[in-house]
J.: 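Here it is, the structure in full.
Just so you know, these numbers use all the heavy atoms, side chains as well, and skip hydrogens, waters and symmetry mates. Computed from a prediction, not measured in an experiment: that's the story for all the values here. Counting starts at 1 for both ligands and their atoms, in listed order.
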Amino acid sequence: MSTAWTNQLNWMTGDITRLEVDAIVNAANHSLMGGGGVDGAIHRAAGPELLEACKKVRREHWPDGLPDGEVALTPGFSLPARYVIHTVGPVYAKTKDKSHLLANCYRKSLALAADHGCTSLAFPAISTGIYGYPFEAAARIVCNVMAENLPNYPELQVTLCFFSDADARAFQAVFDEVTRTTE
Ligand code: AR6
């Protein structure tokens with residue numbers, strides 16, 4: 001497998017609401033009405049217009065709520081980012097494999113960003129906070145989605161924005177393992 005995609009992927013520790021990128025991804029919930037974690041931080045930093053834009057998305061496209069693994073785009077309003085891509089990660093369940101839903105969040109966000117001409121996109125660690133997805137399993141999914149999809153978007157640079165150095169280190173370990181075995 002080609003590893004050229006690794007040049008399109010970076011990661012850092014920090015607050016995603018501060019990033020000057022074309023789009024940031026929000027780990028939202030079905031309602032799109034805001035919440036805790038990164039969702040709350042993004043709504044606070046973007047300002048009240050974001051909630052209004054999310055209400056419009058619900059009315060016009062997803063009256064029953066945004067399903068797991070789906071994506072919706074709004075402007076970023078007061079954020080440095082031009083757009084917010086809202087996605088709903090799966091709630092982790094030991095007895096049910098929801099890895100395809102988490103993969104969909106990443107895959108569909110990449111496609112939507114590219115559709116809107118974005119050349120820089122930042123993701124938080126979707127589902128690994130309140131939704132309880134084990135970090136290492138999620139990191140493996142992220143690596144696989146990036147390896148499979150980034151070659152389709154050669155203009156796109158992706159930043160994974162972790163909230164702690166421990167998460168960034170844990171991702172590094174998974175990334176090293178995945179790229180070692182796919183070289
Ligand atoms: N910048 C970057 N990462 C952050 C930030 C930030 N400002 N704040 C938190 N994180 P979570 P989920 C990290 O819980 O698991 C909300 O209530 C956090 O440390 O935000 O997908 C929604 O409305 C973790 O690593 O999202 C949903 O109801 C990662 O972001 C639910 O939480 C994701 O944690 C979604 O849960």
J.: Enumerate the atoms of ligand 1 whose separation from the nearest heavy atom of G14 is less than 4.0 angstrom.
T.: 1 (N), 2 (C)
J.: Check each atom of ligand 1 against the heavy atoms of A125 and keep those under 4.0 Å away; list them by number with element.
T.: 25 (O), 29 (C), 33 (C)
J.: Here's a test for you: under ring pair (Phe, Tyr, Trp, His ring centres under 6.0 Å), which of F162, Y92, F171 qualifies with F135?
T.: F162
J.: Determine whether I24 and I85 make a side-chain contact, defined as any pair of heavy atoms from C-beta on separated by less than 4.5 Å.
T.: no
J.: May I ask you to identify, for A27, whether its side chain, its backbone, both or neither come under 4.0 Å of ligand 1 on a heavy-atom basis?
T.: both
J.: Polar contacts were defined as any N/O atom of the residue lying under 3.5 Å from an N/O atom of the ligand; does this apply to F163 and ligand 1?
T.: no
J.: Below 4.0 Å from ligand 1: does a non-hydrogen atom of G89 turn up there or not?
T.: no
J.: Using a strict cut-off of 4.0 Å, indicate which atoms of ligand 1 neighbour a heavy atom of G36.
T.: 16 (C), 17 (O)
J.: Any idea which heavy atoms bring Y133 and K98 closest together, and the distance?
T.: OH-C, 3.9 Å
J.: To check your reading of the model: name the closest protein heavy atom to atom 31 (C) of ligand 1, its residue, and the distance in Å.
T.: Y131 CE1, 3.5 Å
J.: If you measure every N or O of P124 against every N or O of ligand 1, does any of those distances drop under 3.5 Å?
T.: no
J.: Under 4.0 Å from a heavy atom of D39: which atoms of ligand 1 are those, numbered in the order shown and with their elements?
T.: 22 (C), 23 (O)
J.: Is G40 close enough to touch ligand 1? Criterion: a residue heavy atom under 4.0 Å from a ligand atom.
T.: no
J.: Distance-only, no hydrogens or angles: does the T159 side chain make a donor-acceptor pair with backbone N or O of C161 under 3.5 Å?
T.: no
J.: Any nitrogen or oxygen of G132, side chain or backbone, less than 3.5 Å from one on ligand 1?
T.: no
J.: Is it the case that E148 and N144 place a side-chain donor and acceptor less than 3.5 Å from each other?
T.: no
J.: Quick one: which ligand 1 atoms are inside 4.0 Å of a heavy atom on A41?
T.: 7 (N)
J.: Can you list the ligand 1 atoms lying under 4.0 Å from a non-hydrogen atom of D15?
T.: 1 (N), 6 (C), 7 (N)
